[in-house]
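Following: one structure in structure tokens, then a few remarks.
Every heavy atom of this structure was used, including side-chain atoms; hydrogens, water molecules and symmetry mates were not.
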Amino acid sequence: MPELKERVHEALQDDFLRKSVKFTVDRLKAGKQKASEKLGQWETWRERARQVRAHTVANLDHYLGRFSANVEKAGGKVFFAADAAEAVAEVQRIALAQDARLVVKSKSMVSEEIHLNRHLQAAGVECVETDLGEWIIQLAGQTPSHIILPAIHKTRGQIRKLFEAHGGQPLSDETPVLAGYARKVLRRKFRQADIGLSGCNFGIAETGSVVLFTNEGNGRLVTGLPRTHVVVMGMERLLPSFADLELMANMLPRSATGQKLTTYMTVVTGPRKQGELDGPENLHVIVVDNGRSAQLGDPEFQDLLNCIRCGACLNVCPVYRQVGGHAYGSTYSGPIGAVLTPLLQPDKSKWGEVANASSLCGACDEACPVKIPLESMLVHLRRKNAEGGRTPLTERLAFKAFGRTFSSPQRIRLLAKMIRLVRRWGGDHFAPRGWTKARNLPGQPEKTFREMWDETGGRF
Ligand code: SF4
């Protein structure tokens, strides 16, 4: 994969991407604003949501125990995967035991995180995404560029070409035609599938239920039609009770898309019971750690586990709206991705740099429905990178010199004098490369601030 700088450069050259990301996130942002105003007392709701998530994460061992006991009581099976390899191996084991040839999937960021599709295909199991956006990027061989709108960067023309290449027949650019084609192909897949694989928006500890929020209804078909249902969920995605779900059912869709409620809320409690008309015969829940438990007890990063993956922080981020999701180079993009990705990776040297892809404006903190302090987490990550020696030598030397100079009034005074002299001799050419490409350095004032201070005794 190219370096972060190259990825950003590539994204900045793509005019359509920038226009479309900006247009879409502006709509989502406006929708969220309206929906939160309509609900009223948004800040009270936010604080309550923060408390519920923080309480659940602080007592995660208790709620995980309760959740898994109740899943099993309802007839399901639970597997705790320590890392991506264990989670993938368990899905492969289930597929092999079922002699499965086809898996249909509803949207699951955790399955993207562990690269499940690639591993299943390599094991000879066809894996088909059924969320329209996810299916589009699967056909394009890409990764999601937004947590909730994975194909935000694609034009209708590009989608038509992908569908034409898939079906071998000409189509038009009209949305109903494209959606109709996807529906025809995917309905057949739902009927043929051996396994339905889903993520989990929330697991309810008190009943062992798995709750999915979808807008296309594909979640119902994935969980209702195939013989076996496999849930792949992050270990932190729990809520203590249904009363807490009521709160989140208000907060998540409003923060994500500005909807009052998601179109479909599917609650799965155990496999199909005697006398029930639909639902799977087997239910497997795979609870994935993959670096999450390392954040538990960490005062700087534990709150990260409160995230409900609504994408609101992406929609307000001035960096994300310019470059879209692929420039971040990993499954999770935007402010949440810039913090989550390095923390989940064992190799910190590779991903620490994304923490620099932020203006630290704090817009993400204000947008987050569960009040995660993303801005200070980004600062902590930068500090960790510096302490771990993962910053370039030039940067380390520059900050050492900065620290020495700015800790002494005499040295600041000397530096100001030197800068004035250098600039007088045409030294503006030495300004940081790139900085003066699109802007002029401000002109030199007659006197420095200190000179004016000395002259007036501080009375300007
Ligand atoms: S960090 Fe907050 S705003 Fe961002 S995805 Fe998570 S819950 Fe949503």
Atom pair CD1 (Ile308) and CG (Asn201), whose distance is rounded to the nearest 0.5 Å: 9.0 Å
Indicate whether any N or O donor in one side chain lies under 3.5 Å from an N or O acceptor in the other, for Asn117 and Glu129. yes
Please answer whether the main-chain N or O of Asp289 pairs with a side-chain N or O of Ser293 as donor and acceptor at a distance below 3.5 Å. no
Could you tell me whether a side-chain N or O of Gln138 sits under 3.5 Å from a main-chain N or O of Cys127, the two making a donor and an acceptor? yes
Mind checking what makes side-chain hydrogen bond (donor to acceptor under 3.5 Å, both in side chains) contact with Asp194, not counting sequence neighbours? none
Heavy-atom side-chain contact between Ser20 and Thr155 under 4.5 Å: no
Partners of His119 by side chain to side chain contact (heavy atoms under 4.5 Å, CB included), sequence neighbours excluded? Val88, Gln92, His115
Under 3.5 Å donor-acceptor pairs involving side-chain atoms of residues 179-190, not counting sequence neighbours:
| residue | atom | partner | partner atom | Å |
| --- | --- | --- | --- | --- |
| Tyr181 | OH | His166 | ND1 | 2.7 |
| Tyr181 | OH | Gly167 | N | 3.1 |
| Lys189 | NZ | Glu126 | OE2 | 3.1 |

Can you give me the closest heavy-atom contact between Thr257 and Gln259, atom names plus distance? OG1-OE1, 2.6 Å
Atom pair CD (Glu112) and OG (Ser330), whose distance is rounded to the nearest 0.5 Å: 11.0 Å
Partner residues of Asn218 under the side-chain hydrogen bond (donor to acceptor under 3.5 Å, both in side chains) criterion, sequence neighbours left out: Thr130
Run the side chain to side chain contact (heavy atoms under 4.5 Å, CB included) check on Val104 and Leu197 step by step: do they pass? CA-CA 6 Å; Val104 281; Leu197 194 140; over 6 Å; no
Using a distance-only test with no angle check, is there a side-chain donor-acceptor pair under 3.5 angstrom linking Lys107 and Thr214? no
Test item: Val267 and Val210 side chains (from C-beta on) under 4.5 Å apart, heavy atoms: no
Once side-chain hydrogen bond (donor to acceptor under 3.5 Å, both in side chains) is applied, do any residues pair with Arg118, and if so which ones, sequence neighbours excluded? none
Testing the basics here: between Leu212 and Ser106, what is the closest heavy-atom pair and its distance to 0.1 Å? CD1-OG, 4.4 Å
Taking Ala355's backbone N and O only, do any of them form a donor-acceptor pair with Arg382's side chain (distance below 3.5 Å, no angle check)? yes
Measuring only between side-chain heavy atoms, which start at C-beta, is Cys364 closer than 4.5 Å to Cys317? no
Looking at side-chain heavy atoms only, is the closest gap between Met235 and Val288 below 4.5 Å? no
Check whether any side-chain heavy atom of Ile336 lies under 4.5 Å from a side-chain heavy atom of Met377, and answer yes or no. no
Leu305 side, atom CG; Leu60 side, atom CG - distance, nearest 0.5 Å: 7.5 Å
Please tabulate, for the side chains in residues 76-85, all donor-acceptor contacts under 3.5 angstrom to protein atoms that are two or more places apart in sequence or on a different chain.
| residue | atom | partner | partner atom | Å |
| --- | --- | --- | --- | --- |
| Asp83 | OD1 | Ala85 | N | 3.3 |
| Asp83 | OD1 | Glu86 | N | 2.9 |

In residues 320-329, what donor-acceptor pairs under 3.5 Å come from side-chain atoms, sequence neighbours left out?
| residue | atom | partner | partner atom | Å |
| --- | --- | --- | --- | --- |
| Tyr320 | OH | Ser145 | O | 2.5 |
| Arg321 | NH1 | Asp26 | OD1 | 3.0 |
| Arg321 | NH2 | Asp26 | OD1 | 2.9 |
| Arg321 | NH2 | Asp26 | OD2 | 3.2 |
| Gln322 | OE1 | Arg18 | NE | 3.3 |
| Gln322 | OE1 | Arg18 | NH2 | 2.6 |
| His326 | NE2 | Thr143 | O | 2.5 |

Is any NZ, NE, NH1 or NH2 atom of the basic residue among Glu3 and Arg7 found under 4.0 Å from an Asp or Glu carboxylate oxygen of the other? no
So, His153 versus Asp14: side-chain donor-acceptor pair below 3.5 Å or not? no
Taking every heavy atom of Ile94 against every heavy atom of Ile195, the minimum-distance pair comes out as CG2-CD1, 4.3 Å
Carboxylate-amine/guanidinium proximity below 4.0 Å for Glu113 and Arg292: yes
Should Arg50 and Trp45 count as side-chain neighbours, where that means a heavy-atom distance under 4.5 Å? no
Test ring-ring contact (aromatic ring centres under 6.0 Å, His included) on His55 and Tyr63 and set out the steps. CA-CA 10 Å; His55 165 81; Tyr63 288 116; 5.5 Å; yes
With sequence neighbours left out, write down each residue that passes side-chain hydrogen bond (donor to acceptor under 3.5 Å, both in side chains) with Asp298, or none if nothing qualifies. none
Verify the distance criterion only: is there a donor paired with an acceptor across the side chains of Gln33 and Glu37 at less than 3.5 Å? yes
Do Asn282 and Gln98 have side chains that approach each other closer than 4.5 Å (heavy atoms only, starting at C-beta)? yes
Please collect all side-chain hydrogen bond (donor to acceptor under 3.5 Å, both in side chains) contacts where either partner lies in residues 265-274, sequence neighbours excluded, each pair once. Ser209-Thr269, Arg220-Thr266
Set of residues satisfying salt bridge (Lys or Arg N to Asp or Glu O under 4.0 Å) with respect to Glu281, sequence neighbours excluded: none
What is the distance from atom OG1 of Thr175 to atom CZ of Arg160, rounded to the nearest 0.5 Å? 12.5 Å
Between Pro335 and Leu374, which heavy-atom pair has the shortest distance, and what is it? CB-CD1, 4.0 Å
Counting C-beta onward and ignoring hydrogens, is there a side-chain heavy-atom pair between Arg46 and Val370 closer than 4.5 Å? no
So, Arg237 side chain and Gly199 main chain: donor-acceptor pair closer than 3.5 Å or not? no
Non-neighbouring partners of Glu366 that pass salt bridge (Lys or Arg N to Asp or Glu O under 4.0 Å), sequence neighbours left out: none
Just by distance, no angles: are the side chains of Asn70 and Glu206 close enough, under 3.5 Å, to form a donor-acceptor pair? no
Shortest non-hydrogen pair, Lys105 vs Ser111, comes out as NZ-OG, 2.8 Å
Whether the Arg390 and Asn385 side chains hold a donor-acceptor pair (N or O, under 3.5 Å, no angle test) is what I'd like checked. yes
Pair His229, Ser198: side-chain N/O donor-acceptor within cut-off below 3.5 Å: yes
List, one per line, each side-chain donor-acceptor pair under 3.5 Å for residues 244-255, sequence neighbours excluded.
| residue | atom | partner | partner atom | Å |
| --- | --- | --- | --- | --- |
| Asp244 | OD2 | Ser241 | N | 3.1 |
| Asp244 | OD2 | Ser241 | OG | 3.0 |
| Asn250 | OD1 | Arg254 | NH1 | 2.6 |
| Asn250 | ND2 | Glu246 | O | 3.3 |
| Arg254 | NE | Ala35 | O | 3.1 |
| Arg254 | NH1 | Lys260 | O | 3.4 |
| Ser255 | OG | Met251 | O | 2.7 |

Going through the checks in order, is the side chain to side chain contact (heavy atoms under 4.5 Å, CB included) test met by Ile372 and Asp365? CA-CA 6 Å; Ile372 298 176; Asp365 284 21; over 6 Å; no
Straight-line distance of Glu375 CD to Leu378 CG, nearest 0.5 Å: 8.0 Å
Between the side chains of Arg383 and Glu300, is the shortest nitrogen-to-carboxylate-oxygen separation below 4.0 Å, so that they form an ion pair? yes
Carboxylate-amine/guanidinium contact Arg93 Glu90, below 4.0 Å: yes
